Structures are given as structure tokens and as C-alpha cells.
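The structure appears right after this line, and notes come after that.
Naming convention: chains lettered A, B, ... in sequence-line order (proteins, then strands); numbering from 1 in each chain. On a predicted model such as this, the values are computed, not experimentally measured, just so you know.
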2 protein chains.
Amino acid sequence: MSLIVQKYGGSSVQDAESIKRVARRIVETKKAGNQVVVVVSAMGDTTDDLLDLADDITENPPLREMDILLSSGERMSMALLAMAIHEHGETAQSFTGSQAGMITDAIHGKARIIEVSPKRVQEALDDGHISIVAGFQGMSRESKDITTMGRGGSDTTAVALAAALNADVCEIYTDVDGVFTADPRVVKNAQKIDTISSEDMLEMAAAGTKVLHLRSVEYARRFGVKLHVRSSFTDKEGTWVIPEETDQVPIKEGDPLEQPIISGVAHDASEGKLTITGVPDAPGKAAAVFNPIAEAGINIDMIVQDISVATGKTNISFTLSGSDGDKAQRLLLERKEEIGFDNLDFAEQVAKVSLVGGGMRNHPGVSARFFSALSDAGINIMLISTSEIRVSVITDIEDMDKAVQAIHTAFDLDSDEEAKVYAGTGR
Amino acid sequence: MSLIVQKYGGSSVQDAESIKRVARRIVETKKAGNQVVVVVSAMGDTTDDLLDLADDITENPPLREMDILLSSGERMSMALLAMAIHEHGETAQSFTGSQAGMITDAIHGKARIIEVSPKRVQEALDDGHISIVAGFQGMSRESKDITTMGRGGSDTTAVALAAALNADVCEIYTDVDGVFTADPRVVKNAQKIDTISSEDMLEMAAAGTKVLHLRSVEYARRFGVKLHVRSSFTDKEGTWVIPEETDQVPIKEGDPLEQPIISGVAHDASEGKLTITGVPDAPGKAAAVFNPIAEAGINIDMIVQDISVATGKTNISFTLSGSDGDKAQRLLLERKEEIGFDNLDFAEQVAKVSLVGGGMRNHPGVSARFFSALSDAGINIMLISTSEIRVSVITDIEDMDKAVQAIHTAFDLDSDEEAKVYAGTGR
């Protein structure tokens, strides 16, 4: 008998009809002979509505109270889902994050899981019930207060439970058919990936792919949890995300036995680029630039420094979240004399385009093909950054779609037909 | 320093504006030097909306899950209220029923309180915070599950906390100015009662007065809690409900030192009347009528039996909740032969009109004046029932308003001016 954890997001449970549909699937999974644990998010726009309500009252809500407010969304959906399951003749028990043993630190709004002790969940399973757990929330060991986990919280709850319960798989249900070789809205011929390693998925997520949250992929990788990302509207197989340690890749007849070299192309339009021109080439200058920025809690992504032999000065370029741009500029202008630079130039939105694939470790020539493809498409590259399994460039935002398509085609990722992404909705 | 418990119902916190208004009042109470505990219901129509959502999914929801669903309403409002208080510069901490130590039995949907241990609430008060508690909910000692308390649950939560914390008063905020000598929508000259004993208030609530729930009045009476029922829209004094054991009746200059003989007139339009004609006058017949009805869980209010000397048969009349009428008729018709009656007659809605006052114990002539008033108004009386401090009659529903007015006038309860009931809303 398998133990399956299923996670359903807000759009999968947005109204009574959706909840009933999800309940049907859960019951079918149970009837097929499995133990089933379900992690559920708040219905549809509930979380946003609650945030709006809070905003009508105060711009500066105490974080403890914000967590109490937000966590009520998941409680509603978990109870309604349990009711829908009962309507189908199976029994279900719902548990808050606290009751399910999700112990976190005390950082309200972005709590991290420190321990998972799902005793009541396991007992309910052993008694033949379907267990439903509110995603996105836990309890602080320290204060015994309710906490919420921030972005990707529900996915992370599901993966953490799957790890603690030794589940056979953690199914992440979403409104697309799986992870694609590129965003199908940008590349019409993108293909659904059947299987991808956790390592490649981690890079894809970090490079901008939105289907799975980076945090939950990292958790799955660390604890060896098998993920299956699939559509809540169909019964089709989605994308399997397999931790390297396991050799239990579900292989279907006709599949190649080796991992593909390249997993896919990711893009990210959330970054801006800051260029500091004329920085004196002396020790400590880079630190003088990056320390105040780091202290302000601003994360930097890619950095490039070039030096002009003629002038003996350097230009430092780096990318950061577009929304941090104003703050970073202000911090640097305050220190203009101390650092001694000439000018600041800020592009609020640039495109980061990445090629990801574990196979590129052992296959030289990937970078060359990558840069040729961009050059043939007439695209100018501003910054380059690579890891063992990823090549990323920064280009003008206007060139983004063209760059993604060019790389996708150059690496033979295009399929013969247009991607059918949103099977259930016809989009 | 006084400890004040304040309870705000759904209409007092129906939207962001109302929540901010309530927060202002709470903060003023704190700034006046009091420790303040607030019990709050779900916002406006939230509970009904949640019931509708559940109804879209199933007609037969598991009660454990229904309690989880409904309890999220109070969690939302308590967190928002805490935020609004912070916006005014005071600190507040909100607690679920479980965190506030409201321990109940395991009867989901109508749980009874078995213990109140408000340790965290007291600690928050001692640390200088305003404590907010979600009304209507608790935790089952047995199953560690969330429970809700049914009708009157929030009022009861407030009174129970006031008792456990030894509060100086429990203020129940509502949308009327207090308890009136009769419903001001029926009697234009009804007066607001300044002070009423718990005992009289209990009879008024049982006899149909809707301002306070019977259950919370009973709890207050049993544990000696002073209640103050007042409007959330004004600062005016409302109605003090004082347990007899305490002699701390707040007396204002000019008040009479004795309790008034009569508190007021209550009416109830929720009952129906069932008359069984031609029941043989033999031992066991009354039991044969009332046992099946009791076993079906139907509550009976007033009973009258008269006997016809001529026929030797009796007629039995009794009142019950109008919605139970069909069921009761069915049960009796199934046993027609066994009981041997001639006919059943059911009036789906009758009026129960009651005069309540502790003083009538020691003042003969009250009943006489009561029946004369009705007779003078040409009102026919169908059944009569009395207790030490109450006289009730059943009349035709069409005569209800007239009967209430006639009794109100006959006992000198009319004021000189029309009652201003809903001061804040102008209704």
C-alpha cells in the first residue's frame, strides 16, 4: 500500500465546484488502495482578500496577528474539503498546521520548519481516514503561536509531510500539465518534461521557472522526496522530479535510459541592473559597494566587473530585484564620495534567460552553442553567469521572448506540435 | 484597577469601519485605567456565508469539520481587531478559544463549557496588553478538537471568562440601547430598563426577549457576574443585570431604593399550539401523549388539560416550537388508536405574552390586573401558565401586539416619550 501526499493550491479549490472535483480525485486515489494525505491552500483569492481587509485597518499590522488572520483561510478550505470527501462516502479528518505537528521558528510571516511530528496524521491514516492538513502554517515551538510560512509555504508543507511520513510520492497539483522546457506562453512549441532531476529543477526554479517553489524543491532534494507535478484538471502524467539518490525513476517503455543533457530554458523578468561606472581600481572598493547593499538586506544576483586599462577605473554591474533598485541607488549615492565612482546607471527591468541541464557538466560545447544562438538572433548580452549545470545571460527586456525561443530551438527542445498547456481550461 | 470584559457581536464588527470604531472604544476603556478583555464574534454575515458554502458541498456535514469551518470566522475578526487596536497605540494579543482555556465537552455544534482556565489571557493582561478572545468556540478536553457552542455562544464565552477572571463587569455590546420594558418595535412607549435582577432577566429571556441569550444570563446568575447590556454606537448607560447575591447595585441619585415590582413584558411568536380533543379520561393517557413527543426530542412549553363532565373525555392543549408541529402531529396520528382521541387541531403560530417581575411574589393582585387588562382589550386567552415571578398567556397571533401594549400600559410601564432604541443608526 502506497502513501501518497497530494497538494492542491488555491485555484484548485477556488469554489464549491472545484472542491467537489478535487474531492473526487482524492477519493479515487484512496479507493485505488492508497493511504492519502492532502495539503490544501486557502480558496482562490482568500489570502489576498484577507490582506486587503487588514490593509483597510492598518499599514503596519503586528505580525503575530497577521499570521492568525491569514491562517484562517486554509482552515476554511480544509474543513470544506473534508466535508466534500464525506459526501463521497469516505472519511476524512482535517488538521491545522499545529495539530499536524508542523513546528516552526518564531519568525511570523516567513517561518521556517524546524521539525515535523505528524503523529495525529499518521493515526488518522492508520484508522483508515484520509488526512487533510492546512498548508502554509505551523506553530512556533517557542511561543506556541500560529505561524505562516511565506511564499511557497503550502508546497513546502506538502514536501515536509511527505518526508516525515516516508511517502512514496508527493503530488503537486496545479493548473498546468507539468514543468515545460520553456514557458509555453513564450515558446509555443515547448514540451512537457516527463522526468527531471531535483538538481536541474532547483536551477530552473532559481532561474525563474514558476511552477514549483524553489524552497520546496530544495526540501525535496535534501530529504529525497519524489515529486510529481501535474494538472488538477486531467488524469495525465505530469513531470516527475526525482532526487538523484534514488534510482527509482519511473521508466515507461520507449523512454531513453539516460537523462537528457538539457532540461529546459528558464526566464526571469523581475530583475533590474545597476551599473556603477568609474570606480577606482583599488583594494576595498568592491566591498565598499556591496557591504551597504548587503546590510540593507538587498540580494544581489549576477555581478560583472570590467576594467579599463586606459583609465585604470572599473565598471561594476550587478542585477537585483527590480523593486530594490531605488533603495540600492540611494545607498550608493550617499556613499559616492567615499567610493569615488563617476556615475550610476539603472535599468529597472532586464531579462535573465537561463539554460539548465545536469548533462552540461560532461558535455563541452553547450556554452558555445548557447552564445551562437543568441548572436544569430541578433541579441546583445549584458552579463553572463554560469554554474556547473546552468548558463545565464542578462539581455534587454525587449529581447527576452526572442532569446528564450532562440535557445529553445538551438537545443532541439521544440516539439512538433504546439504545447497544450492548460488542458482543463483550454488556454 | 478594574477588569472589564467586553463582548462585541457580529454587527458591531461587520466591516473595517466598525472594527476601527470598536477598537477606539476598547482603547478608551484601557486608557481610563482598566484591564480589558474583549470577546468578539465573527464579522457580520460571515457565519451564515460559511454555512452556505458548506451547504453547497453537502447537506450532511461531519460536525467536527463544521466546527473547524465556523471557528475560522472569529479568528479573522479577533486578529483584525487586534490590528486596529495596535493602530491606536495600545498592544493587543488575540487568543483562540482553545488558547484562552475554554474547555468544553465533545458535542460539536453545541458544546457546553466544562472548565475555563484563562492563564494566557491573564498573563497578557498582567503584561499590560489588551486580551482578545474568539467567542463561540472552545476545545474538547476529550478529543483536543475545536468545538463551537451554538446559539448564544459568544455571550456565554464572555460571561464565562468574566467569571473565571473575577471581572468587575461583563459588558455586552449590541445594536440597541439596552433591555426595554417591552420590544420598542411593538410598544412605542417602552422604556429602557436601568437595572434588572438576573432572575427577572432569565424569565424575560425565556419568555421571548431577544437582547440577551438565556444561556449567558443563566451562567451570569449562577456565577454572580454583573452584566451591562449597552449600545456599541453611543456612550449611554445601558441595562445593568445584577445577580441577587450581590448588593452592589449601581445606584444613581434619584433612583428608588427598592427593585421595581415589574420588569417588563416579553412576547414570543415562535410557538404553535396543538390541541388533542376527546382523549379518554383514563390513567396513562397523558403519558401516552407526551412520551413519544419527548422521545422525539420535541420540547413542550405550556400544557393545559380540561375535562368535560358530560362526555368524560379530556382535551389536552400544549404549545411547542412551531417548526416541530408537523412532526408532533405525525407522531400522535400514528398512535391515534392506542391513545383513542377524536381529533387533532394545530395552530402553527400563536402568541405567548408574559409579564415578568420578581416583585410579584409579594404583591397579590398582579394576575388580576393582568387578566383584566387583556379582557378590557377584548383579547381571548387560550392557555395560562405562571411561575413565582412570571405570568404568561397564549393568545391568537393577531392579538399579540395589542396584548403586549395593553399589559404594558396597565402596569404603568409606558414612558412619556417614544423609545429611542437604535441611537446610533437613527432607526
Side-chain angles (χ1 to χ4, degrees), chain A residues 13 15-23 42-43 46 49-50 52-88 90-96 98-99 120 129 132 134 139 143-146, chain B residues 13 15-20 22-23 42-43 46 49-88 90-96 98-99 120 129 132 134 139 143-146:
Chain A
V13 292
D15 50 32
E17 268 321 299
S18 310
I19 290 177
K20 288 195 252 195
R21 179 171 53 238
V22 160
M43 292 168 67
T46 303
D49 292 343
L50 291 172
D52 285 344
L53 209 37
D55 200 59
D56 284 344
I57 285 176
T58 172
E59 284 180 1
N60 217 11
L63 298 177
R64 176 190 188 272
E65 304 301 327
M66 184 56 97
D67 273 358
I68 291 170
L69 179 67
L70 294 182
S71 67
S72 49
E74 284 74 26
R75 286 161 198 244
M76 286 191 275
S77 55
M78 80 183 193
L80 290 166
L81 188 53
M83 293 180 191
I85 288 171
H86 272 250
E87 192 71 355
H88 279 105
E90 290 284 341
T91 53
Q93 282 202 327
S94 69
F95 301 99
T96 63
S98 157
Q99 291 171 320
R120 287 184 75 173
H129 303 306
I132 307 177
M139 185 182 79
S143 63
K144 304 277 182 281
D145 282 332
I146 295 154
Chain B
V13 293
D15 50 31
E17 268 322 298
S18 310
I19 290 175
K20 289 195 253 195
V22 160
M43 293 168 67
T46 303
D49 292 343
L50 291 172
L51 286 167
D52 285 344
L53 209 37
D55 200 60
D56 283 345
I57 285 177
T58 173
E59 285 180 0
N60 216 11
L63 299 177
R64 176 190 186 273
E65 304 300 327
M66 184 58 96
D67 273 358
I68 291 170
L69 178 67
L70 294 182
S71 67
S72 50
E74 283 74 28
R75 286 160 197 245
M76 285 190 278
S77 54
M78 80 183 193
L80 290 166
L81 188 52
M83 292 180 193
I85 288 171
H86 272 250
E87 191 71 354
H88 279 106
E90 290 283 342
T91 53
Q93 282 203 328
S94 69
F95 301 99
T96 62
S98 157
Q99 292 172 321
R120 287 184 75 174
H129 303 307
I132 305 177
M139 186 181 79
S143 63
K144 304 278 182 282
D145 283 331
I146 295 154

Handout entry: Least distance between heavy atoms, S143(A) atom then R120(B) atom
Key = O-NH2, 3.5 Å
Problem - Spatial distance of atom CG (N60(A)) from atom NE2 (H86(B)) [nearest 0.5 Å] - result: 10.5 Å
Exercise for the section: Pick whichever of A84(B), A79(B), A82(B) has the most heavy-atom pairs under 4.5 Å with chain A. Expected result: A79(B)
Handout entry: Residues M76(A), L53(B); criterion side-chain contact (heavy atoms from CB on, under 4.5 Å); working and verdict
Key = CA-CA 10 Å; M76(A) 286 191 275; L53(B) 209 37; 5.8 Å; no
Exercise for the section: Give the member of A16(A), P62(A), G73(A), A23(A) that has the highest number of heavy-atom pairs under 4.5 Å with chain B. Expected result: P62(A)
Completion exercise
So, the part of M43(B) with a heavy atom under 4.5 Å from chain A: the answer is side chain
Problem - From CA spacing to verdict: side-chain contact (heavy atoms from CB on, under 4.5 Å), D145(A), Q99(B) - result: CA-CA 9 Å; D145(A) 282 332; Q99(B) 292 172 321; 4.3 Å; yes
Exercise for the section: Of all the heavy-atom pairs spanning Q93(A) and E65(B), show the shortest one and how long it is. Expected result: CA-OE2, 3.5 Å
Fill in the blank from the handout: Residues S94(B) and I68(A): closest non-hydrogen pair is OG-CD1, 3.1 Å
Handout entry: Closest non-hydrogen atom pair, T58(B) against M83(A)
Key = CG2-CB, 3.8 Å
Exercise for the section: Tell me, for L69(A) versus chain B, whether the close heavy atoms (under 4.5 Å) come from the side chain, the backbone, both or neither. Expected result: both
Completion exercise
salt bridge (charged side-chain N to carboxylate O under 4.0 Å, His left out) filter on E87(B), not counting sequence neighbours, yields none
Problem - Listed partners of D15(B) passing side chain to side chain donor-acceptor pair (under 3.5 Å), at least two apart - result: S18(B)
Practice task
With a 4.5 angstrom heavy-atom cut-off, could you sort out which part of L80(B) is near chain A: side chain, backbone, both or neither?
Solution key: both
Practice task
Examine whether an atom of R64(B) lies under 4.5 Å from a heavy atom of chain A, and if so say whether it belongs to the side chain, the backbone or both; otherwise answer neither.
Solution key: side chain
